[in-house]
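What follows is a short report on a single structure.
Because the structure is predicted, anything quoted here is derived from the model rather than measured.
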Amino acid sequence: MEDFTITYRYPVEPEGDEAVAAAAITLRGEQYPLTVRRAGGAEWAVEFGDLADEGRYPTFAEALRVAHRRALDDAEELILATQDGSY
């Protein structure tokens with residue numbers, strides 16, 4: 001498996017609609033963030049890149065925990081996708 005790093009971040013809950021990086025995967029010098037953003041109302045969305053919606057959660061804290069749990073799986077999927085050229 002290729003070398004990659006995952007940086008886990010612990011941002012404070014954003015007040016507006018901006019996204020915050022909960023984790024960042026670094027692969028071949030490129031950074032790919034997992035972000036948490038308000039999804040409308042009281043829900044929070046966890047997203048990985050432009051394509052992967054990791055779900056919606058009732059609290060920011062839960063969304064942050066999910067992003068941290070998903071980071072390794074997303075890194076492995078990213079490695080596989082970039083190896084075969086589909087990403």
Side-chain angles (χ1 to χ4, degrees):
M1 185 172 277
E2 293 190 44
D3 288 335
F4 65 92
T5 59
I6 301 172
T7 304
Y8 296 94
R9 300 186 176 143
Y10 298 87
V12 297
E13 183 175 322
E15 300 210 7
D17 292 336
E18 79 255 19
V20 293
I25 299 164
T26 304
L27 174 65
R28 291 185 219 103
E30 296 280 330
Q31 275 205 347
Y32 303 88
L34 277 99
T35 58
V36 175
R37 77 173 68 239
R38 194 173 303 277
E43 286 191 321
W44 295 88
V46 176
E47 300 167 346
F48 181 56
D50 296 341
L51 305 175
D53 181 353
E54 304 292 332
R56 293 172 190 255
Y57 303 91
T59 67
F60 177 78
E62 186 175 348
L64 187 61
R65 280 193 300 273
V66 167
H68 286 180
R69 282 198 313 265
R70 289 288 309 157
L72 182 58
D73 288 342
D74 286 345
E76 290 172 345
E77 289 173 15
L78 177 64
I79 290 167
L80 292 173
T82 57
Q83 283 176 343
D84 70 10
S86 66
Y87 190 79

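When each of R70, R65, R69 is paired with E54, the salt bridge (charged side-chain N to carboxylate O under 4.0 Å, His left out) condition holds for R70 and for no other. The side chain to side chain contact (heavy atoms under 4.5 Å, CB included) test with F4 is passed by exactly one of L72, L78, T26: L72.
Note that OG1 of T5 and CG of D3 are 9.0 Å apart. Values are rounded to the nearest 0.5 Å.
Looking at every heavy atom in both residues, A22 comes nearest to P11 through CA-CD, 4.4 Å. For L34 against A67, the heavy-atom pair with the smallest separation is CD2-O, 3.6 Å. Pairing each heavy atom of H68 with each of Y8, the nearest pair is O-CE2, 3.5 Å.
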Could you go through T59 and E13, starting from their C-alpha distance and side-chain angles, then the distance that decides it, and tell me whether this counts as side-chain contact (heavy atoms from CB on, under 4.5 Å)? CA-CA 10 Å; T59 67; E13 183 175 322; over 6 Å; no
Pair I79-E76, side-chain contact (heavy atoms from CB on, under 4.5 Å): steps then yes or no: CA-CA 5 Å; I79 290 167; E76 290 172 345; 5.5 Å; no
Determine, stepwise, if the pair V20 / F60 fulfils side-chain contact (heavy atoms from CB on, under 4.5 Å). CA-CA 11 Å; V20 293; F60 177 78; 3.8 Å; yes
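Criterion: ILVMFWY side-chain heavy atoms under 4.5 Å apart, direct or through other members. Under it, I25 and Y10 are part of a common hydrophobic cluster.
Other residues, nucleotides and ligands place no more than 12 heavy atoms under 6.0 Å from the CD atom of E15.
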Only distances under 3.5 Å count here; give the side-chain donor-acceptor pairs of residues 35-46 to other protein atoms, sequence neighbours excluded, each with its distance to 0.1 Å.
from	atom 1	to	atom 2	distance (Å)
R37	NE	E47	OE1	2.9

